Amino acid sequence: MSTDLFSSPFAGPMLPADYIRLRREAAGLTIAQAARPFYKREDQRADVESNLRMFETPGVTVKPHIAETLSRAFPFDASVYRQLCEQAPSRHPRLCHGCGCDTHNFCTHQNGTICTITADRICTVCIEKVKADVIRRAA
């Protein structure tokens, strides 16, 4: 299956900040929605949202205990995040550069089957979504 709908954003190694952003977006959450589990009072909201925005900034990494708490808001694997932070790109897990899924935390197709990550570093579910979007825009 050709993934020529995708281009250079998938060429390099995934950054830790990208992994956080992709997992949040794959869950369909805005920063504000993802922040909700982390504050109890409204006056804390802006600080939490600011921190989440910062976590998604290239070059920023978060401490392991903070990374582990992100799964309270969306599907997130702290061990994958640590590998992205601590290991050479050649030792990174195989991740989809469209949604951040991996072979242990995979997407499912509408028919219930699990995705696979192509050699182009994009999963089959993301490929389907992009193709559907292209068709929808062309209609």
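Just the heavy atoms: all of them, side chains too, but no hydrogens, waters or symmetry mates, feed the values below. Just so you know, residue 1 is the first one in the sequence shown, and it goes up from there. Since this is a predicted model, take the numbers as computed values, not measurements.
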Would C99 and K129 count as a side chain to side chain contact (heavy atoms under 4.5 Å, CB included) here? Give the steps. CA-CA 11 Å; C99 68; K129 287 178 184 175; 5.9 Å; no
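- Every residue meeting the side chain to side chain donor-acceptor pair (under 3.5 Å) condition with E128, not counting sequence neighbours, appears here in chain and number order: H109.
- Salt bridge present: R137 and D133 bring a charged side-chain N and a carboxylate O closer than 4.0 Å.
- By the salt bridge (charged side-chain N to carboxylate O under 4.0 Å, His left out) test, R91 pairs with no residue at all, sequence neighbours left out.
- Evaluation of the ring pair (Phe, Tyr, Trp, His ring centres under 6.0 Å) test over residues 14-72, restricted to residues two or more places apart or in two chains, returns Y19-F76.
- With sequence neighbours excluded, no residue satisfies side chain to side chain donor-acceptor pair (under 3.5 Å) with Q110.
- Listed by first and then second residue, the side chain to side chain donor-acceptor pair (under 3.5 Å) pairs that reach into residues 50-62 are R24-E56, sequence neighbours excluded.
- Considering only residues two or more places apart in sequence or on other chains, E25 meets the salt bridge (charged side-chain N to carboxylate O under 4.0 Å, His left out) condition with R21.
- For T103, the side chain to side chain donor-acceptor pair (under 3.5 Å) test picks out no residue, with sequence neighbours left out.
- Contacts classified as salt bridge (charged side-chain N to carboxylate O under 4.0 Å, His left out) and involving residues 99-108 (residues at least two apart or in different chains) are not found.
- Alongside I114, the hydrophobic cluster contains F106 (criterion: ILVMFWY side chains under 4.5 Å).
- By the side chain to side chain donor-acceptor pair (under 3.5 Å) test, Q83 is found to be paired with no residue, residues two or more places apart in sequence or in another chain being considered.
- Annotation: salt bridge (charged side-chain N to carboxylate O under 4.0 Å, His left out) contacts involving residues 68-81, sequence neighbours excluded, comprise E68-R82.
- Evaluation of the salt bridge (charged side-chain N to carboxylate O under 4.0 Å, His left out) rule for D47 yields no partner, not counting sequence neighbours.
- Formation of a donor-acceptor pair under 3.5 Å by the T118 side chain with backbone atoms of I122 is found in this model.
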